[in-house]
Colleague: 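Below are the C-alpha cells for one structure; questions will follow.
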Amino acid sequence: MELIVTEKDNAARRIAEILSDGSASTERRNGVNVYRWGDKRCVGLSGHVVGVDFPPEYEDWRDVQPVELVEADVVKKPTQENIVRTLKQLAGEADRATIATDYDREGELIGKEAYELIREEADIPIQRVRFSSITENEVKEAFATPDDLDFDLAAAGEARQIVDLLWGAALTRFLSLSANQLGDDFISVGRVQSPTLKLIVDREREIEAFDPDDYWELFADLAREGTTFEAQYFYREDGTEQERVWDESGAETAFETLRNAGTAVVESVRRRRRTDEPPEPFNTTQYISAANGIGLSAQRAMSVAEELYTAGYITYPRTDNTVYPDDLDPEALLSAFTDHYLFADDAEMLRSADDIEPTAGDEETTDHPPIHPTGEIPNKDDLSDDEWEVYELVVRHFFATVADAAEWEHLKVVADADGCSLKANGKRLVEPGYHEVYPYRSTSENHVPAVEEGEQLAIEDARIEEKQTQPPRRRGQSRLIEELESRGLGTKSTRHNTLQKLYDRGYIESDPPRPTKLAMAVVEAAEQFADRIVDEEMTAQLESDMQAIVDGEKDLEAVTEESRALLGRIFDELHDSREEIGEHLQESMKADRMLGPCPECGEDLLIRRSRKGSYFVGCDGFPDCRYTLPLPSQGEPTVIDEACTEHDLNHVKMLAGRSTFVHGCPQCKADEADETDDRIIGDCPDCGDNADGELAIKQLRSGSRLVGCTRYPECEYSLPLPRRGDIEVLDERCADHDLPHLRVVDNGDDPWELGCPICNYTEYREQQAASAIEDLDGVGQKTAEKLADAGIESLSDLRGADAEAVANEVQGVSEDRLREWQAEANVSASAD
DNA sequence: GCAAGGTC
C-alpha cells in the first residue's frame, strides 16, 4: 500500500480525486478522513501536528527562573493526537509513502514531521512531491517525478521554531513575573508581535510629539460661459509649486489681490493622458486590503475567504504569489461565468477580446496560485452577505486582471490674476477599461473646461482658509498588514492573527489600532533591556541564518546555540532591573484602567475585577476606601478619551464584539438609577400567586434595564430590556401573560414596538438559538447547514452531543474543533 | 499558561 500525506484534508481530497480519476472513496479513522483507491491511501494533516515545547519540569512559571529556559531542552510533542494516531496506523500498513505537503518552507517542515512519525512505525521508502497548485497537470506531473525531502530546508524551519520558543517564552515569563501578572493577563513578547507593536507605538510617539504649524490656502472660482470651476493659488519656490502659504500677512496680501483682480488670464493649458493599469493578481495581503475596502476587518476577511475556499468556490486564500500559473486558462475560467445572471455580460465582454493576457505581479512563488475563483459558482442564497460580497470581489478582481487598462485625460490650467498664480487640475476617465468590471476603485472625475491660452476668466469668488499641519495618521489594519509584509515580518497565514493577538493582550484598542499605556511600557522596557525582541532586525537575521542552513553553510545546532548565547547575555542585563521594569509595567497597567478621582477620598477610581471575574469600578485607596460603582455585566470594559465634566471621570466602553457599546460615566449611570423609581407593570409569573411578587421596570446602577420581580433577591425572575431609549408602557395588554405592551422610543428612530416583555424575550431566545451555531468562531453557513443535518441546530444541541460521532458524520469538522465548541457552549450555558 | 507557524 502507498500512503500519501498532504498538509490539509482539503488537499488530500482533491489529490485523491485527481489521482483516482474520481473513483476514490472516503473512510473515517479516529475522526480523520482517509481517501482510498486501489492500493493507495491519502490522508490530510492539519498543518503542524506536532509542536515544540519545554520538558514538563519547566512547566511551572514560579518554580523555574525564566533564565533557565535559555539553556532548556526543546522537545516535540504531538498536538493533534487523532491525526498522529491515524498517520501511524496507516504507516504501519504501508510499504511506501509520499509526502505531498505545501511547496514552501513550512510545508517542508510539516512534511518532515510526517516523515518522522512514519519512521517511528515503519522503515519504508519515503519520497516527496512538489506542486504549486492542485490541478490535474501539476499533480500528475509531480507524482510522475518524485523527489526527496529537503532536510536542510526543514531544519531551517526547526531553527525558527526553537529560537521563537526560547526568546518568546523566556522574555514573556520574565516580564510577567516582574509585573506579577501570572493569570490570563500575562505580558507577552515575541519576535513578530513585538516589532509589530513597536511599529504602532512609534507612530503614536510621532503623533504625541507632533507640533502643528499654521498655514493658509487660497482658492478662487473661475467662470467661463456659465460654468465655474475651482482653482487654487500657488507660488513657485526652488522650482516647485507650493500651495501652502506659511505667513499670515503674505496670505492676506495674496487674498486681497485675488479678491480685487476681477479676472484671470489663462497662461497655459496642458493635456496629458495617463494609463491606469489593472490590478495584479491577489495575494493574501492585497486581498485583505481590498476586503477592508468593502468594510471587512482583516480577521473577518480571512475567515470568509476560508469558508469560500473550503466550499470550493475560490482557491487557497493564504498565498504570497501574484503570478497566475501556466495551468490557468483565463478564457476557460471566463467561460464559467458567461451563463451567470450577474457576471455574464462582463465575462462575455472580456472573453471576446482578441488577446487575453492577465496582469502579473513581482512575486512569483511556489506555495499556491494567487487567489482566484475556481469556476464553481455558488448560489447567492447559500451564502451570507459577507460571503457573497467577498466572492464577487474575488471574481471581479480576476476579471480586472484580464481586463484592459483604463485611460485618464488630465487637464491642467494655469492662470494669472494680477501676479497671483492659480491652477486647476481636471481629470476625465476616457477609457474605463477594467473599471467597467471592477467597481471597487474610485473613478470620480473633476471637471475643468477646455479653456485656451490667453482667455480671460472672471473671478467669481475668492476664499482664504486657515489650516494646520496634521500629525501622521494611525495605520489601519490592512495598512499595518501591508507594512508587516514589506518588512518581512510574519507570514501570509499569521499577519492578521498577530494583530488580533495584540488586541487580545490589551496592547492595542480601536480601529485604526492605538496602543495602550501597557503597550508603551512593554516597548520601552524591551527597547531598554532587550532591544532585539522589538527590532525587526531579529527576523532579518533569523531569515539569513535560515538561508545559511538551507545552503548548508550553517547547521541548526550552530544557529540555535548562537541565539541562546545572545539571549543569555540579555538576561545578564535584565537581572538587576527586574523590579524597576515590573513597577513601570504595573503603573502603566493601572493608568490604562484609571477613570479619575474617587468622590469619597480623592484617590484614583480604577476598573477592577472581582474574584468571580466580573468587572467593577473600585478605589485605589482600598482597603481604606471602599467606594465602588458597578459596570455592565456584558463585555470587557475599557477607558475611552471622553470624560464626564460633572464627575471628572473618563467614560467606559464595553467591548463585546458586535454588541460593543459605550457605557459612559459610571457615576452618572448609578445616579440615574438611584433617581429612577421602579414602574410596576403586573404580577410576577414565578411568585405572584403565592408571595404577591410584582413585575417592575427597573433601572440598575450598572446601567442595564430589566423587567424584574419586586421581591428580588428572594425571587430572581427577570427579563432583559434594551439599554437605550425611553420605555413607554401602553394600554394594550398581552392576553397570554396579562402584561402591558411596551414601546421603546429612541430619539430620531422609529419607535420599536417591543410588545409583551415575556413574549418578546421568548422570541428573542428562539432567534438566539437559531443563530448561535453560526456565531461560533469559524463556522460559516455551509458548515452550519451540515451540522443541522446532523441534528445540531443550536448551542444547546452541542452540549449533549457525542463529539466523536458528530465528527464522523460531518465532513470537514474535526473532533477537536467540536470539543472546543462544546466548551464554548458550556460557558454560555453557565452565563444563562 | 509562554512564540510563531501551520490549519479550522
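Residue numbering restarts at 1 for every chain, and letters A, B, ... go by the order of the sequence lines. Worth saying up front: this structure is predicted, and the values here are computed from it rather than measured.
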Colleague: Would one find a side-chain N or O of A/Ser493 under 4.0 angstrom from OP1 or OP2 of B/dG5?
Modeller: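 Negative; the distance criterion is not met.
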
Colleague: Could you walk me through whether A/Arg130 and A/Asp150 pass salt bridge (charged side-chain N to carboxylate O under 4.0 Å, His left out), step by step?
Modeller: CA-CA 11 Å; A/Arg130 296 186 180 84; A/Asp150 182 343; 5.3 Å; no

Colleague: Should the pair A/Tyr316 and A/His368 be assigned to parallel (<30°), tilted (30 to 60°) or perpendicular (>60°) ring geometry?
Modeller: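 The arrangement is tilted - the two ring planes meet at 30° to 60°.
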
Colleague: A/Glu59 near the nucleic acid: base, sugar-phosphate alone, or nothing, with a heavy-atom cut-off under 4.0 Å?
Modeller: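 Base, at least one base heavy atom under 4.0 Å.
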
Colleague: Please identify each residue that fulfils ring pair (Phe, Tyr, Trp, His ring centres under 6.0 Å) with A/Tyr615, with sequence neighbours left out.
Modeller: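 A/Tyr615 satisfies ring pair (Phe, Tyr, Trp, His ring centres under 6.0 Å) with no other residue.
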
Colleague: Select one nucleotide: of B/dA4, B/dC8, B/dT7, the one nearest the side-chain heavy atoms of A/Glu7.
Modeller: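 Taking heavy atoms from C-beta onward, the closest nucleotide is B/dT7.
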
Colleague: For B/dG5, take OP1 and OP2 only and decide whether either is under 4.0 Å from a side-chain N or O of A/Arg191.
Modeller: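 It does, given that an N or O in the side chain of A/Arg191 lies less than 4.0 Å from OP1 or OP2 of B/dG5.
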
Colleague: Send over the distance from A/Glu158 CD to B/dA4 C1', rounded to a whole Å.
Modeller: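 Going from CD in A/Glu158 over to C1' in B/dA4 covers 14 Å.
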
Colleague: When you measure from the side chain of A/Val192, which nucleotide among B/dA3, B/dA4, B/dT7 comes out closest?
Modeller: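 Nearest nucleotide to the side chain: B/dA4.
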
Colleague: Any side-chain N or O of A/Arg495 below 4.0 angstrom from OP1/OP2 of B/dG6?
Modeller: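 It does not, given that no N or O in the side chain of A/Arg495 lies less than 4.0 Å from OP1 or OP2 of B/dG6.
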
Colleague: OP1 or OP2 of B/dT7 less than 4.0 angstrom from a side-chain nitrogen or oxygen of A/Gln80, does that happen here?
Modeller: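 Checking A/Gln80 against B/dT7: no side-chain N or O falls below 4.0 Å of OP1 or OP2.
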
Colleague: Roughly how many Å is it from CG in A/Asn33 to P in B/dC8, rounded to a whole number?
Modeller: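 Answer to the nearest Å: 11 Å.
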
Colleague: Does the side chain of A/Asn497 pick up a donor-acceptor pair with the side chain of A/Gln299 at under 3.5 Å?
Modeller: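 Looking only at side-chain atoms, A/Gln299 and A/Asn497 do form a donor-acceptor pair, the distance falling under 3.5 Å.
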
Colleague: Checking all strands, does A/Thr172 fall into the base, sugar-phosphate, or nothing category for heavy-atom contacts under 4.0 angstrom?
Modeller: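 Here A/Thr172 touches the backbone only, sparing every base.
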
Colleague: Pick the nucleotide of DNA chain B nearest each of A/Tyr58 and A/Ile110; which residue has the one closer to the 5' end?
Modeller: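 Final value for this comparison: A/Tyr58.
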
Colleague: 5'-most contact on DNA chain B: A/Trp61 or A/Thr491, nearest heavy atom basis?
Modeller: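 Upstream on the strand: A/Trp61.
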
Colleague: Grab the CG-P distance between A/Asn497 and B/dA4 for me, whole Å please.
Modeller: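 Spelled out: CG on A/Asn497 to P on B/dA4 is 11 Å.
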
Colleague: When we call it a touch if two heavy atoms are under 4.0 Å apart, what does A/Val52 touch: a base, just sugar-phosphate, or nothing?
Modeller: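 It contacts base atoms.
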
Colleague: Which part of the nucleic acid, if any, lies within contact of A/Asp102, taking any heavy atom under 4.0 Å across all strands shown: a base, the sugar-phosphate backbone alone, or nothing?
Modeller: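 Contact class for A/Asp102: sugar-phosphate only.
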
Colleague: Assign A/Gly51 to base, sugar-phosphate, or nothing according to its heavy-atom contacts below 4.0 angstrom with the strands shown.
Modeller: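 The answer is nothing, as A/Gly51 stays clear of every strand by at least 4.0 Å.
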
Colleague: Excluding sequence neighbours, so at least two apart, what forms ring pair (Phe, Tyr, Trp, His ring centres under 6.0 Å) with A/Tyr507?
Modeller: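 Testing A/Tyr507 for ring pair (Phe, Tyr, Trp, His ring centres under 6.0 Å), a comparison that skips the adjacent residues, returns none.
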
Colleague: Measuring to OP1 and OP2 of B/dG5, would you say a side-chain N or O of A/Lys492 lies under 4.0 angstrom away?
Modeller: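 A/Lys492 to B/dG5 OP1/OP2: no side-chain N or O under 4.0 Å.
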
Colleague: Please tell me which of the listed nucleotides, B/dT7, B/dC2, B/dA4, lies nearest to the side chain of A/Lys501?
Modeller: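 Nearest to the side chain of A/Lys501 among the choices is B/dA4.
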
Colleague: Give a yes or no on whether the backbone of A/Ser610 and the side-chain of A/Ser614 come within a donor-acceptor separation of less than 3.5 Å.
Modeller: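 No, because the side chain of A/Ser614 does not come within donor-acceptor range (under 3.5 Å) of the backbone of A/Ser610.
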
Colleague: Look at the side chain of A/Asp9 and the base of B/dC8, then say whether one donor and one acceptor between them are separated by less than 3.5 Å.
Modeller: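 No.
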
Colleague: Just how far, in rounded Å, is P of B/dA4 from CG of A/Leu166?
Modeller: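 Rounded to whole Å, this separation is 13 Å.
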
Colleague: Please determine whether a side-chain nitrogen or oxygen atom of A/Thr494 lies at a distance below 4.0 Å from atom OP1 or OP2 of B/dG5.
Modeller: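 Looking at the OP1 and OP2 atoms of B/dG5, one of them is under 4.0 Å from a side-chain N or O of A/Thr494.
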
Colleague: What is the distance from CD of A/Glu307 to P of B/dT7, rounded to the nearest Å?
Modeller: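 It works out to 16 Å between those atoms.
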
Colleague: Quick one: is A/Tyr316 getting a side-chain N or O under 4.0 Å of the B/dT7 phosphate, OP1 or OP2?
Modeller: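 Yes, A/Tyr316 has a side-chain N/O under 4.0 Å of OP1/OP2 on B/dT7.
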
Colleague: Expressed as a whole number of angstroms, how long is the span from A/Leu484:CG to B/dA4:C1'?
Modeller: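 Spelled out: CG on A/Leu484 to C1' on B/dA4 is 13 Å.
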
Colleague: Nearest whole angstrom, please: distance from the C1' of B/dG6 to the OH of A/Tyr309.
Modeller: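 Rounded to the whole Å, the gap is 13 Å.
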
Colleague: Of the options A/Thr285, A/Asp367, A/Asn283, which is the one that meets A/Lys492 in a side chain to side chain donor-acceptor pair (under 3.5 Å)?
Modeller: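 When A/Thr285, A/Asp367, A/Asn283 are each tested with A/Lys492, the side chain to side chain donor-acceptor pair (under 3.5 Å) holds only for A/Asp367.
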
Colleague: Could you please name the option among B/dC2, B/dA4, B/dT7 that lies closest to any side-chain atom of A/Arg160?
Modeller: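 Shortest atom-to-atom distance from the side chain points to B/dA4.
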
Colleague: If the cut-off is 4.0 Å, is A/Arg318 near the phosphate of B/dT7, judged by side-chain N/O to OP1 or OP2?
Modeller: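 Result: yes.
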
Colleague: Report yes if at least one side-chain N or O of A/Gln161 is closer than 4.0 Å to OP1 or OP2 of B/dA3; otherwise report no.
Modeller: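 Negative; the distance criterion is not met.
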
Colleague: Could you tell me the separation between the CG atom of A/Leu567 and the C1' atom of B/dC2, rounded to a whole number of Å?
Modeller: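 Whole-Å distance recorded here is 13 Å.
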
